[in-house]
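Okay, structure first, notes after.
Predicted, not measured: the structure shown is a model, and the values here were computed from it.
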Amino acid sequence: MDKPWPQPRIEELLISILEEIQSVKVPTRLWSVADIAAYLNRSKITIQQRVVCKPDFPNAIRIPTHTGKVGPLWYADEVKRYVRKHQKK
């Protein structure tokens with residue numbers, strides 16, 4: 001009778017799975033004005049008039065289409081970094 005395959009220890013298996021998950025690059029999501037407004041619990045107009053217009057706010061991405069340009073988009077991680085930078089210590 002054949003011997004069963006050796007079973008790895010659960011810790012080794014979990015470490016292997018974690019390393020695999022960490023090696024996968026997940027694309028950063030793009031946020032619209034509405035997404036930023038929801039994140040900051042503010043209105044879209046407030047975000048447009050008082051936040052994204054600031055010179056130190058991350059630059060918008062404007063993707064051209066056959067009918068013109070899509071509204072401005074921002075990398076979510078850049079917006080979050082900007083918010084954290086303005087947190088009171």
Worksheet, complete the sentence: Contacts satisfying salt bridge (charged side-chain N to carboxylate O under 4.0 Å, His left out) that involve residues 71-83 (not counting sequence neighbours) are Asp77-Arg81
Fill in: Transitive ILVMFWY side-chain link Val79 to Tyr75, under 4.5 Å
no
What pairs of donor and acceptor atoms, side-chain ones from residues 57-66 against any protein atom, are under 3.5 angstrom apart with sequence neighbours left out?
residue: Thr65; atom: OG1; partner: Thr67; partner atom: N; Å: 3.4
residue: Thr65; atom: OG1; partner: Thr67; partner atom: OG1; Å: 3.3
residue: Thr65; atom: OG1; partner: Gly68; partner atom: N; Å: 3.3
residue: Thr65; atom: OG1; partner: Gly68; partner atom: O; Å: 2.6

Worksheet item: Side-chain heavy atoms under 4.5 angstrom apart, residues restricted to Ile, Leu, Val, Met, Phe, Trp, Tyr: same cluster for Tyr82 and Ile47?
Response: yes
Fill in: Results of side chain to side chain contact (heavy atoms under 4.5 Å, CB included) for Leu18 - residues two or more places apart only
Gln22
Under 3.5 Å, which donor-acceptor pairs link side chains of residues 31-41 to any protein atom two or more places apart or in another chain?
residue: Ser32; atom: OG; partner: Ala34; partner atom: N; Å: 3.3
residue: Ser32; atom: OG; partner: Asp35; partner atom: N; Å: 3.2
residue: Ser32; atom: OG; partner: Asp35; partner atom: OD2; Å: 3.2
residue: Asp35; atom: OD2; partner: Ser32; partner atom: N; Å: 2.9

Fill in: Steps toward side-chain contact (heavy atoms from CB on, under 4.5 Å) verdict (Asp56, Lys85)
CA-CA 11 Å; Asp56 63 332; Lys85 184 173 84 171; 3.9 Å; yes
Response to the item:
dist Ile45:CD1 -> Gln48:CD (nearest 0.5 Å) comes out at 5.0 Å
Worksheet, complete the sentence: Contacts of Ser16 meeting side chain to side chain contact (heavy atoms under 4.5 Å, CB included) (sequence neighbours excluded), chain-then-number -> none
